[in-house]
Amino acid sequence: MSARLEADTPPHRYTADLAAHIESRWQARWDADGRYETPDPAGSGSPEHSSAGPKLFVMDMFPYPSGSGLHVGHPLGYIATDVYVRFKRMCGFNVLYTMGFDAFGLPAEEHARQTGQHPRINTEANIDNMRRQLARLGLGHDKRRSIATTDVDYYRWTQWIFLQIFNSWFDPDAGRARPVSELIDEYESGRRQPPGGRRWEDLGERARRELVDSQRLAYVADAPVNWCPALGTVLANEEVTNEGRSERGNHEVFKRPLKQWMMRITAYADRLLEDLDRLDWPDSVKTMQRNWIGRSEGALISFKTATTRPGPQHVIDVFTTRPDTLFGTTYMVLAPEHPRVDELTADAWPAGTPGSWTAGAATPRDAVAVYRARAAELSDADRSDSKTGVYVGCDVRVPFSDAPVPVFVADYVLMGYGTGAVMGVPGEDQRDREFAEAYGLPVIRTVQPPPEHPDELAYTGDGPSINSAFLDGLDMAASKALILERLQEAGTGSPKVNYRLRDWNFSRQRYWGEPIPIVFDEHGPVALPEDMLPLELPELTDWAPRALARDSEPEPPLGRVTDWVDVEADLSGGDGLRRYRRELNTMPQWAGSCWYYLRYLDPRNDDSLVDPDVERYWMADPEPGAVGGVDLYVGGVEHAVLHLLYARFWHKVLYDLGHVSGLEPFKRLINQGYIQAYAFKDARGVYVPADEVEGTLQEGFTHDGRPVARELGKMGKSLKNSVTPDDMYASYGADTLRMYEMFMGPIDQDRPWETRSVVGSQRVLQRVWRNIVDEETGELRVVDEGPDDELLRVLHRTIDGVRSDMEGMRFNTAIAKLTELNNDLTKRASGAPREVADVVIRMLAPLVPHFAEELWHRLHGSGAGSVTQAGFPAADPALLVADTVEVPVQVNGKVRGRVTLAADADAEFAVAAALAEPNVAAHVGGRELRKQLYVPGRMITLVV
RNA sequence: GCGGACGUGGCGGAAUCUGGCAGACGCGCUGGGUUUAGGUCCCAGUACCCACCAGGGUGUGGGGGUUCGAAUCCCCCCGUCCGCACCA
């Protein structure tokens, strides 16, 4: 392509070759000048670029440095933030804008396992490649501030934050995290008593440690992992097939409990929920977070067993959001994993047990054992839609009514939600209704349904309570209030807020992650002191998978580094050297991405994760009620819940402990859309390379002469439809690519990639170029006389529109307005007036920075400063008001003509002018006007 | 099932927030110019239907409503996409 400089292409046309030349020249110059380095009020900023303007912190979600490189879909959000940042800089803002890499993760470890090469080598090569690809786009990042989560200097502070969390507990009275040292002080001074009537002084070392450890924000608990002995590793849920085997190698996988680090995010559930209201985020993301937290108000109700057997009476708690339906309870269900199932299960079927309740087993123990074994094999998704269960041979009594009801084990009740036990109310809950039908259980309605409500369905709406003793006649809200009061009086129940959110499992049985800075002594976990950070990953020389016996214990890769596992250290300063065993799990990939925005602020600080003055400058928001945080955060919706929730959680902990100044990490969030691409399948259903397909939608598409079917999907290797930025640079240049991606549609919308359309953006730039530079001689074409009045007004209307579009990140319409203005210039035979060219170049600068910088220097001479520092044009308000306006005239709702009026014409004059217009007069036809309206400057409406 | 977003020419989209000329801008397509030709580039046209024109009719997923006036606001339905999914 580049070699095809045909004889008839003018030598100074804006072609891909010229663009490449311009782009590399200005990129080198900008780098040499430190053009995009942002000064700080303190710390390492360079004073010569200091700016008095207001601060703005703009950030993209940083990428994982994948080995396969970029396609044109990846940088969409980066281009958008870059355009916005350049615009705000030209408006006088001091903008912080950089890019880092989320570089721990599975693919690098997988690559290491296959090649034997250390993941750091591969990771750093990928980062270098990605930096190169992004730099080629001309993104105005402060490169000095870039970090990778795998940098030892970075993960040192990730570990430091872990220790802060470990050394904190959540004080429910204060509603915030406090240092564990304060908790211990309170125990020691007697201001706080251990639970269960024990005394701190009487507790041994182990009991004290357990008491404190159980309240930490980071704590150890047993949680099930997917242990694959054949691979000698633990697998993520995504790596396990539906059949419960390993994706790689199809080996057996076992669920095994393993000691895991948990983060007590549930303590923050209410704050995470409430503060959502204060964020400028898409409603969809807020809704997803609300649903994920899943707060529901209800009651905890205790049911006592009705057994006549000797021995202790058992009590089972259920959670319900409908305590008002208590009197409709006709059975109880426990999840198969419920820990009390064994003690409740009877030895023999009570007399008269229906056959359908026994699953054909000889005893309840047999039936329950078979049922539980089957449930354990099934993944949650496979638990069938039809309701099944078995009777455990034991009954419980419904509070107040004292009616005995049977207890079942059924897999439609989940151990992970509420108490893992529910009261079955088939009258008011459709799931319970289906179970009751299957097992012939009675149905008692406790809310009077409306007459049209079908008999066979549960009724979940509001209405007067019935069959409910003292609740009868009350509506749902009143019934709930009264039953809660009575339950509390009777000591058999209490109000309860339940959450779907669960504590965050923070352990990964992986090598390529941050080591957790914890060691264990005989009593439990001990934090490494801060001065022992960073705790560096040890070398792992043996990458080969090792097959282990079926009954082996799960073991993280770090367990293989035998000289690292056991450590002798003096941790308490004074006790002398003691032996400890290291934590072998590493942190999840989320850890590094939970706080990287803070490190951008002060990336080389060795004394703290961020200097407090610097943090306040960039993160504090002086507005009353403001939450602080990054001013604009742009990234994909796939992080709507986990990343954004975990980061908010960490930020709130850091806030509680006084390390950051605001409540929230990200004040404003925008989800950029995805670039989709057409993919083509042949008759066998196999994808063929999209760039080899010929034909059109009308004629049909073919590959190698055979017909193929088109579909729209994610751009990527699997659909063979990737288009790389490098292809676009070669054919059009980076500026054209930037402009096309911004022109395709609104930033938050998905859109299909169409390579053939890219030329449109190049043509626009070529026309702009041609209006300023002579394609034959390379000389400037601009004329010195100023624009005429009409052009001047068009120019200022354009400035006004482009400015507000840029502010609102509506780059597609900003480009349309600039194109329109340029088309207007093109129609005038002479070159652009110098004054107009100057303004157009400045307006284009955020979108196509190299192109604008080049024209700026051609226009103003080599001594001119950078266009990136020129002011963004501002419209003259006097030129925005036209003295005459053309106004459409509607007769009975149809536009029948237009009249030109003075801008300040009154209604009477406007209507008179409208009636004078022949076509309007013809449609009025001399009839009487029933109504006449003039919306100044917009519309004249006549009704006859 | 629950929740959210969205539905406009052959295509991407504009106008939706704040009701007031539907289709800006670009792709594609049609015709013309430049060129030996193709490509590039330039000019004109391009929602659909009727009409030589002037002009007229229809039209923003479907139906209803509010209004002088609805793509825009309200209600119902249909469809597409996304999230959650036996959450008690």
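Naming: A, B, ... by sequence-line order, numbering from 1 per chain.
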Can you tell if the side chain of A:R781 reaches within under 4.5 Å of the side chain of A:V773, non-hydrogen atoms only?
-> no

Result for 5'-nearest mapping on RNA chain B, choosing between A:M744 and A:V758, is A:M744

Check whether any side-chain nitrogen or oxygen of A:R770 sits under 4.0 Å from OP1 or OP2 of B:rC42, and answer yes or no.
-> yes

In whole Å, what is the span from the OH atom of A:Y14 to the C1' atom of B:rC41?
-> 17 Å

Within the modelled atom types, does a donor on one side and an acceptor on the other bring the side chain of A:K817 and the base of B:rC25 under 3.5 Å apart?
-> no

Within this structure, what is the CE-to-C1' distance between A:M742 and B:rG26, rounded to whole angstrom?
-> 15 Å

Does the ring center of A:Y439 lie less than 6.0 Å from the ring center of A:Y331?
-> no

In whole angstrom, what separates A:L765's CG from B:rC25's C1'?
-> 14 Å

Out of B:rG26, B:rC41, B:rA88, minimum distance to the side chain of A:N823 belongs to B:rG26

Looking only at side-chain N and O atoms, does A:R896 come under 4.0 Å of OP1 or OP2 in B:rG57?
-> yes

Nearest-neighbour nucleotide for the A:T826 side chain, B:rC41, B:rC43, B:rA88 considered | B:rC43

Between CG of A:D429 and P of B:rC2 the distance, given in whole Å, is 14 Å

Closest-nucleotide ordering on RNA chain B, the 5'-leading residue of A:D432 and A:M288 = A:M288

Compute the centroid of each ring, for A:Y499 and then for A:W292, and state whether the two points are separated by less than 6.0 Å.
-> no

Distance test, side-chain N/O of A:H923 to OP1/OP2 of B:rG55, below 4.0 Å | no

Can A:S296 and A:N498 be counted as having a side-chain donor-acceptor contact under 3.5 angstrom?
-> no

Nearest listed nucleotide, side chain of A:P746, among B:rG13, B:rG26, B:rC41 = B:rG13

Whole angstrom is fine here: how far is it from CZ in A:R763 over to P in B:rG28?
-> 5 Å

Locate the shortest heavy-atom distance separating A:K387 from A:E434; write the atom from each residue and the value.
-> NZ-OE1, 3.3 Å

Nucleotide N/O of nucleotides 16-24 of chain B paired with protein N/O under 3.5 Å:
unit_1	atom_1	unit_2	atom_2	d
B:rG20	N2	A:Q890	OE1	3.4
B:rG20	N2	A:T941	OG1	2.8
B:rC21	O2	A:R898	NH1	2.1
B:rC21	O2	A:R898	NH2	3.3
B:rC21	N3	A:R898	NH1	3.4
B:rA24	O2'	A:E820	OE1	3.2
B:rA24	O2'	A:E820	OE2	3.3

Identify which nucleotide among B:rA88, B:rG3, B:rC86 has an atom closest to any side-chain atom of A:D411, counting heavy atoms from C-beta outward.
-> B:rC86

Determine whether A:L645 and A:L501 make a side-chain contact, defined as any pair of heavy atoms from C-beta on separated by less than 4.5 Å.
-> yes

List for me each residue that meets salt bridge (Lys or Arg N to Asp or Glu O under 4.0 Å) alongside A:R770, sequence neighbours excluded, and say none if there are none.
-> A:E775

Shortest non-hydrogen contact between A:G424 and A:P426, atoms and distance = O-CD, 3.3 Å

What distance separates A:N812 CG from A:I747 CD1, expressed to the nearest 0.5 Å?
-> 9.5 Å

Between atom CZ in A:R500 and atom C1' in B:rA88, what is the gap in whole Å?
-> 14 Å

Should A:R767 be listed as having a side-chain N or O under 4.0 Å from OP1 or OP2 of B:rG26?
-> yes

Among B:rA88, B:rC84, B:rC86, which nucleotide sits nearest the side chain of A:V413?
-> B:rA88

For A:N919 and B:rG56, is the shortest distance between a side-chain N/O and OP1 or OP2 below 4.0 Å?
-> yes

Touch check for A:Q766, heavy atoms < 4.0 angstrom, all strands: base, sugar-phosphate only, or nothing?
-> sugar-phosphate

What is the pairing partner of B:rC41, taking Watson-Crick or G-U wobble pairs with both distances under 3.5 Å in any strand?
-> B:rG33

With both distances kept under 3.5 Å, what pairs with B:rU18, Watson-Crick or G-U wobble?
-> none

For A:Q749 and B:rG12, give me the distance from atom CD to atom C1', rounded to whole Å.
-> 9 Å

Short side-chain N/O contact from A:S757 to OP1 or OP2 of B:rC11, under 4.0 Å | no

Base-pairing mate for B:rA47 - Watson-Crick or G-U, with both contacts under 3.5 Å = B:rU58

Mind checking A:D750 for me? I need base, sugar-phosphate or nothing, with any heavy atom below 4.0 Å counting as a touch.
-> sugar-phosphate

Using the test side-chain contact (heavy atoms from CB on, under 4.5 Å), find all partners of A:T777 that sit at least two apart in sequence or belong to another chain.
-> A:D774, A:E779

What does B:rC25 pair with, Watson-Crick or G-U, if both distances are under 3.5 Å?
-> B:rG12

Base paired to B:rG79 (Watson-Crick or G-U; both N/O distances under 3.5 angstrom) | B:rC6

Output yes when at least one side-chain N/O atom of A:R751 is less than 4.0 Å from OP1 or OP2 of B:rG13, else no.
-> no

Who pairs with B:rA85 - Watson-Crick or G-U, where each distance is under 3.5 Å = none

Nearest-Å distance for atom pair OH/P, residues A:Y732 and B:rG26 = 16 Å

